[in-house]
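Here's the structure, in structure tokens; my notes come after.
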Amino acid sequence: MNQQVYEKMGRFRQKVIRLVYVENKSIYETAIACGCTAEKVKQVMKKWKALSRNEVLTLPPTDEQ
């Protein structure tokens, strides 16, 4: 989990990400626990994947020689 991207998110999104990716809850269990719809959970997951992918692409290359 990319901690920097995670900390930039709001509390609601952090809760959704924690439930889905860390605790391996289903979309529907997460929606019930957060008090929102499954569509909202899917939107948060989509945003998390995009930000995580973008963050990996912008990291400077490491010099391992």
Side-chain angles (χ1 to χ4, degrees):
M1 179 185 301
N2 192 333
Q3 194 66 26
Q4 291 175 339
V5 175
Y6 181 76
E7 290 173 358
K8 290 180 185 177
M9 298 269 189
R11 282 184 17 201
F12 171 76
R13 288 184 174 156
Q14 287 179 357
K15 183 177 182 179
V16 169
I17 292 165
R18 186 180 67 247
L19 288 170
V20 172
Y21 293 107
V22 177
E23 298 181 16
N24 296 321
K25 300 285 184 184
S26 72
I27 292 172
Y28 303 105
E29 289 174 324
T30 303
I32 291 169
C34 293
C36 65
T37 63
E39 289 300 318
K40 182 68 174 173
V41 172
K42 290 178 186 178
Q43 290 174 356
V44 172
M45 291 169 55
K46 185 176 180 180
K47 181 171 180 122
W48 170 252
K49 286 179 185 178
L51 287 174
S52 295
R53 188 177 326 117
N54 188 24
E55 189 70 23
V56 169
L57 294 176
T58 60
L59 289 176
T62 57
D63 189 22
E64 297 180 3
Q65 294 180 1

Is the closest side-chain heavy-atom distance between Lys46 and Gln43 below 4.5 Å?
-> no
Please list, one pair per line, the donor and acceptor atoms closer than 3.5 Å that link side chains of residues 24-42 to other protein atoms, with sequence neighbours excluded.
unit_1 : atom_1 : unit_2 : atom_2 : d
Ser26  : OG     : Tyr28  : N      : 3.4
Ser26  : OG     : Glu29  : N      : 3.1
Glu29  : OE1    : Ser26  : N      : 3.0
Thr30  : OG1    : Ser26  : O      : 2.8
Thr37  : OG1    : Lys40  : N      : 3.2

Student check: side-chain heavy atoms of Leu51 and Met9 closer than 4.5 Å = yes
Taking every non-hydrogen atom, the tightest pair across Tyr6 and Gln14 = O-NE2, 3.0 Å
Sequence neighbours excluded, the answer for side-chain hydrogen bond (donor to acceptor under 3.5 Å, both in side chains) partners of Glu7 is Gln3
Quick one: pull up CE in Met45 and NZ in Lys49 and give me the separation to the nearest 0.5 Å.
-> 5.0 Å
Should Leu19 and Ile17 be counted in the same cluster of Ile, Leu, Val, Met, Phe, Trp and Tyr side chains packed under 4.5 Å apart?
-> no
